[in-house]
Novice: 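One structure follows; several queries about it will come next.
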Amino acid sequence: MANDREILRIVWEGQLPVVFELDKDEISGLTKPEDFCLMVSRISYLPLVTDKVRKYFSRYVPNDRQQSEVWFDFNGIPLKWHYPIGLLFDLYRSQGDDIPWVLTMHFSKFPEEELVRFQSKDVVESFFMSCLKEADVLKHRGQVVSAMQKKDHTQLWLGLVNDKFDQFWAVNRRLMEPIGDQECFRHIPIRFYNEDGTYWQKLISPTNESGLKRTVEDLMNELSTSSKQIESIHTHGVEIPDKTPLQWLSEHMSYPDNFLHICVKYKAK
């Protein structure tokens with residue numbers, strides 16, 4: 001995978017211009033705040049990039065809400081904090097003009113039935129590491145993560161939080177290489193997302209029964225049914241070419257949690 005290191009950096013450096021606005025029903029007083037503009041990393045999570053936004057808007061809400069758990073929506077759709085930001089944008093961009101992406105911040109009326117609460121960034125870290133371990137079980141039977149030390153886990157997390165490509169990949173490269181005499185992973189860690197934001201998983205092998213590497217076209221054929229034909233798949237804002245090997249895709253276009261997050265587009269009936 002080292003041959004395509006530049007692609008890893010391009011994926012890592014992907015950003016989105018976001019305009020944050022405060023829910024007008026939250027504003028106390030007569031002064032309406034200006035919107036807050038920020039360039040955010042596609043591969044990060046909303047709780048990790050919005051401290052400045054929260055601090056800016058908190059002065060405009062009642063005192064008893066300033067320390068409340070905030071949440072965001074896009075066009076009335078509550079955004080799941082445990083989905084990477086780039087994935088959220090790719091899922092919902094069809095429901096509004098592209099960029100800048102306009103999100104609304106809320107300090108109250110948390111949608112309990114639609115979103116999972118998070119009390120601190122420690123919860124985000126715990127979720128991230130859980131996903132990473134699950135991905136390693138699929139790829140290497142969990143052998144790589146289990147051989148790591150606590151400092152390696154910390155380096156992965158801080159590399160993501162502080163946007164340090166070299167720091168993160170110094171450890172993550174171990175997770176992105178087949179082990180032993182294998183040329184491919186056991187399975188590809190992958191989650192497929194429908195247009196309504198729900199996702200599903202399935203065991204996906206990077207090779208066929210003859211040991212040949214499978215491609216995106218093979219994957220689409222496997223997942224399509226007589227009633228639902230897949231037209232294309234997208235990740236990181238781009239449509240993936242049919243001939244892309246699944247092994248290469250996993251090594252180079254997975255999110256930091258080591259999963260491929262794939263938006264599925266179905267053919268119109």
Side-chain angles (χ1 to χ4, degrees), residues 12-129 131 157-164 168 193 195-198 236-237 255-257 261 263:
W12 181 275
E13 293 178 350
Q15 292 188 316
L16 291 170
V18 179
V19 173
F20 294 93
E21 61 181 16
L22 180 63
D23 178 0
K24 63 180 186 300
D25 294 332
E26 303 262 18
I27 301 172
S28 63
L30 301 177
T31 304
K32 181 182 182 299
E34 297 288 332
D35 295 339
F36 192 97
C37 302
L38 196 66
M39 292 295 294
V40 302
S41 171
R42 268 183 156 272
I43 61 173
S44 190
Y45 301 89
L46 282 170
L48 302 182
V49 300
T50 53
D51 282 350
K52 292 180 180 179
V53 188
R54 179 192 179 101
K55 182 177 181 181
Y56 172 75
F57 282 131
S58 63
R59 74 189 84 167
Y60 295 98
V61 301
N63 291 336
D64 60 347
R65 296 183 191 172
Q66 291 181 3
Q67 301 303 316
S68 300
E69 182 177 341
V70 299
W71 59 281
F72 304 87
D73 82 64
F74 171 66
N75 282 357
I77 303 170
L79 299 179
K80 296 177 171 63
W81 65 261
H82 55 290
Y83 282 17
I85 294 171
L87 168 63
L88 290 169
F89 178 74
D90 293 344
L91 278 172
Y92 300 122
R93 64 187 298 181
S94 62
Q95 301 189 26
D97 293 334
D98 283 279
I99 52 178
W101 198 27
V102 181
L103 303 183
T104 302
M105 174 177 267
H106 305 265
F107 284 76
S108 64
K109 300 178 182 178
F110 192 92
E112 302 276 0
E113 297 182 357
E114 298 178 78
L115 298 182
V116 177
R117 285 189 176 276
F118 71 95
Q119 283 71 41
S120 69
K121 291 181 180 178
D122 290 342
V123 176
V124 188
E125 179 182 1
S126 177
F127 173 79
F128 171 78
M129 291 305 303
C131 291
W157 176 244
L158 292 181
L160 173 62
V161 171
N162 297 322
D163 193 23
K164 301 294 185 181
F168 179 86
Y193 294 81
E195 293 180 354
D196 63 358
T198 58
H236 297 290
Y255 276 80
D257 64 5
H261 294 281
C263 299

Novice: Describe, in one word, how the ring planes of F128 and F168 are oriented to each other, choosing from parallel (under 30°), tilted (30 to 60°) and perpendicular (over 60°).
Specialist: tilted
Novice: For K121, give me all partners under side-chain hydrogen bond (donor to acceptor under 3.5 Å, both in side chains), at least two apart in sequence or on another chain.
Specialist: D51
Novice: Picking from E26, E21, K24, what satisfies side-chain hydrogen bond (donor to acceptor under 3.5 Å, both in side chains) with T104?
Specialist: E21
Novice: Look at atom NZ of K32 and say whether more than 12 heavy atoms of other residues, nucleotides or ligands are closer to it than 6.0 Å.
Specialist: yes
Novice: Identify which one of Y193, F74, Y45 satisfies the ring pair (Phe, Tyr, Trp, His ring centres under 6.0 Å) criterion when paired with Y83.
Specialist: Y193
Novice: Less than 4.5 Å apart, any side-chain heavy atom of L79 and any of Y92?
Specialist: yes
Novice: Check side-chain hydrogen bond (donor to acceptor under 3.5 Å, both in side chains) between E112 and all other residues, then give those that pass, not counting sequence neighbours.
Specialist: R117
Novice: I'd like to know whether T50 forms a side-chain contact (heavy atoms from CB on, under 4.5 Å) with W81, so could you lay out the CA-CA distance, the side-chain angles of the two residues, the decisive distance to 0.1 Å, and finally the verdict.
Specialist: CA-CA 11 Å; T50 53; W81 65 261; over 6 Å; no
Novice: Taking C-beta and beyond as the side chain, do S41 and I85 meet within less than 4.5 Å on heavy atoms?
Specialist: no
Novice: Does any non-hydrogen side-chain atom of C37 lie less than 4.5 Å from one of V19?
Specialist: yes
Novice: Give me the ring orientation class for W71 and H106: parallel if the planes are under 30° apart, tilted from 30 to 60°, perpendicular past 60°.
Specialist: parallel
Novice: Walk me through it: do F20 and Y56 pass the test ring-ring contact (aromatic ring centres under 6.0 Å, His included)?
Specialist: CA-CA 10 Å; F20 294 93; Y56 172 75; over 10 Å; no
Novice: H236: what forms a side-chain hydrogen bond (donor to acceptor under 3.5 Å, both in side chains) with it, not counting sequence neighbours?
Specialist: none
Novice: Working note: L88 + L46, criterion side-chain contact (heavy atoms from CB on, under 4.5 Å); need CA distance, chi angles, decisive distance, verdict.
Specialist: CA-CA 10 Å; L88 290 169; L46 282 170; 4.0 Å; yes
Novice: For residues F57 and E34, report the shortest heavy-atom separation together with the two atoms involved.
Specialist: CE2-O, 3.6 Å
Novice: Decide yes or no on side-chain contact (heavy atoms from CB on, under 4.5 Å) for V124 and W157, but give the supporting numbers first.
Specialist: CA-CA 10 Å; V124 188; W157 176 244; 3.8 Å; yes
Novice: Check step by step if side-chain contact (heavy atoms from CB on, under 4.5 Å) holds for F118 and E69.
Specialist: CA-CA 8 Å; F118 71 95; E69 182 177 341; 3.8 Å; yes
Novice: Indicate the atoms forming the closest heavy-atom contact of F127 with H82, along with that distance.
Specialist: CE2-O, 3.3 Å
Novice: Which pair of heavy atoms, one from V49 and one from S44, lies closest together, and at what distance?
Specialist: CG1-OG, 3.6 Å
